[in-house]
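Remember, predicted model here, so these are calculated numbers, not experimental data. Just the heavy atoms: all of them, side chains too, but no hydrogens, waters or symmetry mates, feed the values below.
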Amino acid sequence: MNERYEPHSIEPRWQTRWEQAGAFKTGRRPDAEPRYVLEMFPYPSGAMHMGHGRVYTIGDALARYLRMRGFDVIHPIGFDALGLPAENAAIKDGRHPGERTRENIVAFRAEMKSLGYSFDWSREFATCEPEYYRWNQWFFLRMLERGIVYRREGKANWCTGCNTVIANEQVVDGRCERCESPVVEKVIPEWAFRITAFAQDLLDGLDRLTAWPERILTMQRNWIGKSVGAEVAFPVPGQASIDVFTTRVDTIFGCTYVVLAPEHPLVEKVTVPERAAEVRAFVERTRKTEAAERTGEDAPKEGVFTGAHAVNPYTGERVPVWLANFVLAGYGTGAVMSVPAHDQRDFEFARKYGLPVRVVIQPAKGEKLPPGDQLAKAYTEDGVLEGSGRFTGLGSAPAREAMADEAKAKGFGKPTVRWHLRDWGFSRQRYWGTPIPVIYCGTDGIVPVPDDQLPVVLPDEAIITGKGEPPLAKVPSFVNVTCPKCGKPARREVETMDTFVDSSWYYARFLSPHDDKRPFDPEAAKRWLPVDVYVGGPEHAVMHLLYFRFWHRVMHQLGLVHEDEPCERLVTQGIVNGPDGRKMSKRWGNVVQPGPMVRKYGADTLRLFILFAAPPEKDIDWSDDQVDGLFRFLARVWRLYHARQDCFRAGPEHLPGAPGPFLELRRRTHRTVQRVTEGFDKELKFNTSIAALMELVNELYPLEPKTDADRAAVREALVALASLLSPFAPHVAEELWHEVIGPAAKDRLLVDEPWPTFDPALVLADTVTIAVQVNGKLRGEVQAPASAGEAEVRALAEAEERVQAHLAGKTVRKVVFVPKRLVNFVVGG
RNA sequence: GGGCGGAUGGCGGAACUGGCAGACGCGCCGGACUUAGGAUCCGGUGGAGCGAUCCGUGAGGGUUCGAGUCCCUCUCCGCCCACCA
């Protein structure tokens with residue numbers, strides 16, 4: 001055995017051995033229970049970064065552990081290869097996005113292998129392969145048949161930088177999430193998934209996801225955004241009827257005006273002729289304002305009076321109808337009833353334009369509100385109704401119910417549910433995506449491409465400029481087809497799919513990645529789904545994870561899967577920041593990449609650093625010093641095995657039973673097995689699991705075994721240590737395990753060995769240290785048998801000198817005894 | 001403004017259902033071995049005090065024999081969302 005720890009001489013060797021043995025192939029244990037461990041697949045733009053290093057290290061530790069626990073594990077990897085960045089890069093340097101993507105994949109694969117990740121590489125695929133995206137097209141056609149896909153003529157977010165439509169969910173503060181260019185509204189025909197039809201179901205499903213972080217569940221709930229309210233019709237006599245949506249129908253007696261969105265269809269109709277010019281100017285002005293500016297936090301509230309009046313159906317009162325820039329056409333009915341006393345926006349608007357403020361809700365307790373004209377700000381809490389006719393005196397909640405019911409009974413409204421979630425517009429005027437499989441025919445209209453003509457392959461020869469028409473429109477051989485129905489010349493759809501489509505079902509494709517008859521094998525799905533553990537960044541909390549849940553429900557409807565949630569447990573990992581605590585970025589010059597670190601320290605050290613720095617969900621800062629420390633730990637472990645070679649041949653029959661350091665060592669060994677095992681089964685706090693291994697090494701280090709029994713105890717510890725280390729630092733663990741086990745085991749691999757078990761009798765200490773307190777303050781400690789009762793411990797404690805000093809001259813009023821932990825004398829006088 | 005997390009030594013972080021605060025690592029200090037040490041090994045390391053002891057988990061209150069942990073009020077930090085009616 002080499003005296004020095006040299007990771008570079010051992011890591012590639014074991015990587016090769018594992019690969020040759022097919023150690024990480026799925027399905028090696030067909031009779032064992034299945035487990036599916038999945039990390040979010042990477043988008044291969046450029047080189048692998050530390051964030052990737054973290055996700056895959058966390059998932060890999062789990063996968064390796066579960067394999068050793070005897071499960072049949074699937075741990076696949078692939079590449080999310082289609083997408084805007086590759087296309088933007090292509091626009092920049094003129095290279096084909098596929099060429100660049102394939103290069104990046106080669107680099108990624110090499111780095112992942114150098115990190116020793118236990119992927120089943122035989123299942124790898126990239127979403128840019130027609131063998132994959134043809135099934136995106138297949139799903140599209142199935143959803144089209146079922147009305148889940150539809151064509152809509154609607155306002156869309158138009159990114160002025162990417163020149164393409166992006167989803168609502170991808171707009172951040174009025175800007176494109178990717179390129180940060182301003183997003184403007186534009187009317188455009190587009191394809192959409194009817195995800196809103198699943199809104200209630202997606203919401204209900206969250207209650208069953210008990211192993212998802214609460215944070216993520218809350219974000220999804222907010223994103224789906226169910227609000228229960230009421231729709232109420234405010235007639236404009238002789239003109240029209242304005243439907244307003246409100247969640248606070250209990251405040252309706254305080255409604256002093258009604259506001260329409262500038263784009264509301266009734267604007268023209270209700271506006272009185274003398275105000276038409278002013279209204280039109282306002283509408284024009286608002287339309288020109290960018291979404292970001294209009295809906296930004298500090299944007300001024302502006303409005304204009306239409307001259308019309310609408311009737312509050314509850315009171316019969318006539319209230320003025322206004323337009324305002326802050327009312328959005330796309331939400332609710334695009335019209336709101338304004339209750340300035342109980343809504344802050346309405347309040348500010350009313351003050352600005354001198355509209356009346358009428359208090360109709362009083363706080364249930366505490367001071368009453370002043371009259372509306374003296375109110376300093378809106379009171380938006382629930383309370384007790386006043387000045388609300390027959391509803392006066394009711395609480396807000398029962399009032400909402402009673403009032404919505406009355407609206408329904410009298411036919412001027414109804415209880416209504418509204419969602420924040422919008423349908424998912426997924427067509428992109430881009431090249432590097434899945435072609436949408438439809439044909440536009442002059443005779444037959446929109447004609448789906450027949451299944452037997454799939455895939456519609458992305459042509460290589462597209463000219464990508466990022467401007468004007470979609471790139472595919474400029475490829476005549478692609479565009480010009482004959483109609484599958486009538487055989488006349490027709491045009492292909494030139495738009496492609498959002499890449500979130502690709503990542504919505506890839507986990508299922510891993511189950512039969514080479515299937516050319518169907519997207520995946522439903523029998524395999526029955527065995528492997530849902531995913532047991534899914535590891536990825538919390539930045540995907542809403543978009544990807546919602547689409548992914550939606551798609552799974554669609555696959556359920558298609559009979560391809562048996563359950564409606566795709567994943568049981570979600571682990572969201574924190575960011576790896578630079579050494580300065582800031583986000584790694586070229587701008588700060590604080591980027592640390594996994595590749596160079598593997599070359600410097602070896603994969604095992606890097607993996608250990610990532611796992612030891614903090615629990616998975618916390619952000620961590622890169623630290624060169626900590627990395628050094630972990631390299632030193634592995635070198636120390638290495639030296640330990642080297643120094644104890646004389647223990648390798650002792651047999652377990654000689655294990656020590658008599659009290660002494662080697663029996664203590666055995667206890668430590670078994671306790672460590674227990675702690676690390678629980679670390680995997682419960683909290684996934686790998687940092688404390690690794691700390692436990694360090695403690696074992698520290699205890700082992702100074703021991704000098706003299707007898708066979710001593711050596712057997714050391715050997716037991718060394719065998720266990722190699723196994724326990726294996727999920728975290730697999731290469732060095734494999735090497736050391738072979739050293740201990742010796743030549744007899746040369747054909748076996750540690751990664752295939754069973755996970756060590758612990759003896760429950762050994763993890764329980766027989767002597768415990770009990771803290772002694774007087775009035776809650778620590779005054780000493782005593783050693784006692786673990787089984788000791790109160791009387792025994794009390795006697796031991798009272799014999800302690802320091803304790804006696806604090807008890808002297810006092811009366812013991814009470815004694816609190818916690819077995820195995822403490823005894824507390826409560827004294828007085 | 002709303003939602004969700006946080007706040008513990010010089011630093012990263014431990015602490016199961018309230019029960020010895022600071023495990024483990026880094027850094028630092030001392031020692032050993034060395035021509036040398038930025039390698040390795042051993043010891044120390046929350047603060048104050050010579051000491052017995054006292055003070056310490058963002059701040060302030062409370063519950064309790066006992067609070068990092070539970071309750072109330074507040075401050076700061078991070079992330080997500082935001083004229084969503």
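For A:Arg549 against A:Leu545, the heavy-atom pair with the smallest separation is CG-O, 2.9 Å. Nearest approach of A:Gly254 to A:Pro340, heavy atoms of both residues: O-CD, 4.0 Å.
The base of B:rG66 lies outside donor-acceptor range of the side chain of A:Gln773, with no N or O pair under 3.5 Å. Between the side chain of A:Asp625 and the base of B:rC26, no donor-acceptor pair under 3.5 Å is found.
Within 4.0 Å (heavy atoms only), A:Asn222 reaches sugar-phosphate atoms of the nucleic acid but no base atom. Backbone-only contact: A:Gly629 has heavy atoms under 4.0 Å from sugar-phosphate atoms and none from a base. Here A:Ser623 lies out of heavy-atom contact (under 4.0 Å) with every strand. Among the protein residues, A:Arg215 comes within range of the sugar-phosphate backbone only, with heavy atoms under 4.0 Å from sugar or phosphate atoms but none that close to a base. Within the 4.0 angstrom heavy-atom criterion, only backbone atoms of the sugar-phosphate kind lie near A:Tyr701; the bases stay farther away. Across all strands, A:His806 comes closer than 4.0 Å only to sugar-phosphate atoms, never to a base (heavy-atom distances). Contact annotation for A:Arg779: backbone-only contact, meaning every heavy-atom pair under 4.0 Å involves sugar-phosphate atoms and none involves a base. Contacts of A:Ser338 with the nucleic acid, taken as non-hydrogen atoms under 4.0 Å apart, are absent.
Close to B:rC84, at under 4.0 Å from its OP1 or OP2, lies no side-chain N or O of A:Arg248. Side-chain N/O atoms of A:Lys820 include none lying less than 4.0 angstrom from OP1 or OP2 on B:rC20. Side-chain N/O atoms of A:Lys618 include one lying less than 4.0 angstrom from OP1 or OP2 on B:rG13. Contact between the side-chain N/O atoms of A:Asn698 and the OP1/OP2 oxygens of B:rG25 is found at a separation under 4.0 Å. In this model, the phosphate group of B:rA14 is approached by a side-chain N or O of A:Asn687 to a distance below 4.0 Å at OP1 or OP2. Taking 4.0 angstrom as the limit, A:Arg632 places a side-chain polar atom (N or O) nearer than this to OP1 or OP2 of B:rC26. When the side-chain nitrogen and oxygen atoms of A:Arg639 are compared with OP1 and OP2 of B:rC41, one or more of them lie within a distance under 4.0 Å. A:Arg636 has a side-chain polar atom (N or O) that falls below the 4.0 Å cut-off from OP1 or OP2 of B:rC41. Taking side-chain N and O atoms only, A:Arg802 has a distance below 4.0 Å to OP1 or OP2 of B:rU53. At B:rA39, none of the side-chain N or O atoms of A:Arg4 fall inside 4.0 Å of OP1 or OP2 (strictly under the cut-off). At the phosphate of B:rC24, neither OP1 nor OP2 sits under 4.0 Å from any side-chain N or O atom of A:Lys685.
A cation-pi arrangement, defined by a distance under 6.0 Å to the six-membered ring centre and an angle within 45 degrees of its axis, is absent between A:Arg794 and A:Phe817.
Note: A:Phe548 and A:His544 have tilted aromatic rings, judged against thresholds of 30 and 60 degrees for the angle between ring planes. The aromatic rings of A:Trp322 and A:Phe349 sit perpendicular to each other, their planes meeting at more than 60°, with 30° as the lower class boundary. Ring geometry for A:Tyr314 against A:Phe253 counts as tilted: the plane angle lies between 30° and 60°, on a 0 to 90° scale.
Regarding A:His342, its NE2 atom lies at a distance of 21 Å from the P atom of B:rG1, rounded to whole Å. The CG-C1' distance, from A:Leu611 to B:rC26, rounds to 17 Å in whole Å. To the nearest angstrom, P of B:rU53 lies 10 Å from CG of A:Leu778. Rounded to whole Å, atom P of B:rC24 lies 18 Å from atom CG of A:Leu725. Between A:Glu695 atom CD and B:rG13 atom C1' there is a gap of 13 Å when expressed in whole angstrom units. With rounding to whole Å, A:Glu801 atom CD is found 13 Å from B:rA52 atom P. In this entry the distance linking CG of A:Leu640 with C1' of B:rC41 reads 14 Å, nearest Å.
For B:rG31, the glycosidic angle deviates from 0 by more than 90°, giving an anti base.
Between B:rU17 and B:rA7, the two P atoms lie 15 Å apart (nearest whole Å). Distance check on atom C1': B:rC80 versus B:rG66 gives 39 Å, rounded to whole Å. Rounded to whole Å, the separation between the C1' atoms of B:rG22 and B:rU35 comes to 41 Å. The separation of B:rC29 from B:rC70, taken at their P atoms, amounts to 39 Å, rounded to a whole angstrom. Taking the P atoms as reference points, B:rA82 lies 30 Å from B:rC71, given to the whole Å. B:rG31 and B:rC79 have their P atoms separated by 46 Å, with the value rounded to a whole Å. Spacing between B:rG10 and B:rG56 at atom P, rounded to whole Å, works out to 16 Å. With both ends at atom C1', the span from B:rG78 to B:rA67 equals 26 Å, rounded to whole Å.
Of all nucleotides listed (B:rC84, B:rC65, B:rA23), B:rA23 comes nearest to the side chain of A:Ala691. In this structure, of B:rC24, B:rC83, B:rC42, it is B:rC24 that holds the atom nearest to the side chain of A:Phe612. Minimum atom distance to the side chain of A:Gln626 is reached by B:rG25, of the listed B:rG25, B:rG66, B:rC54. The side chain of A:Glu781 approaches B:rC20 more closely than any other nucleotide in the set B:rC83, B:rA85, B:rC20. Among the nucleotides B:rC83, B:rC65, B:rG13, the one closest to the side chain of A:Pro615 is B:rG13. With B:rC80, B:rG19, B:rA23 as the candidates, the nucleotide lying closest to the side chain of A:Leu822 is B:rG19. The side chain of A:Thr769 lies closest to B:rC20 when the candidates are B:rA85, B:rC20, B:rC65. Of the candidates B:rG25, B:rC80, B:rC81, B:rC80 carries the atom nearest the A:Met219 side chain, counting heavy atoms from C-beta on.
In this structure, the ring of A:Phe612 has its center no less than 6.0 angstrom from the ring center of A:Phe728. The six-membered or imidazole ring of A:Phe686 lies near that of A:Phe680, with a centre-to-centre distance under 6.0 Å.
Taking a pair to require two hydrogen-bonding distances under 3.5 Å in either a Watson-Crick or a G-U wobble arrangement, B:rC83 remains unpaired. Pairing for B:rA15 is absent, judged as Watson-Crick or G-U wobble with the two contacts each under 3.5 Å. As the counterpart of B:rU40, B:rA32 is assigned, both hydrogen-bonding distances of the Watson-Crick or G-U wobble pattern falling under 3.5 Å. With both pairing distances under 3.5 Å, B:rG27 is matched to B:rU45 as a Watson-Crick or G-U wobble pair. Partner assigned to B:rC4 is B:rG78, using Watson-Crick or G-U wobble distances below 3.5 angstrom.
Looking only at side-chain heavy atoms (C-beta outward), A:Leu630 and A:Tyr601 stay at 4.5 Å or farther from each other.
Salt-bridge annotation for A:Arg671 and A:Glu699: absent, with no side-chain N of the basic residue lying under 4.0 Å from a carboxylate O of the acidic one.
Comparing A:Thr218 and A:Met694 by the nucleotide of RNA chain B that holds the closest heavy atom to each, the one mapping nearer the 5' end is A:Thr218. Each of A:Thr246 and A:Glu214 was assigned the nucleotide of RNA chain B with the nearest heavy atom; the assignment lying further toward the 5' end belongs to A:Glu214.
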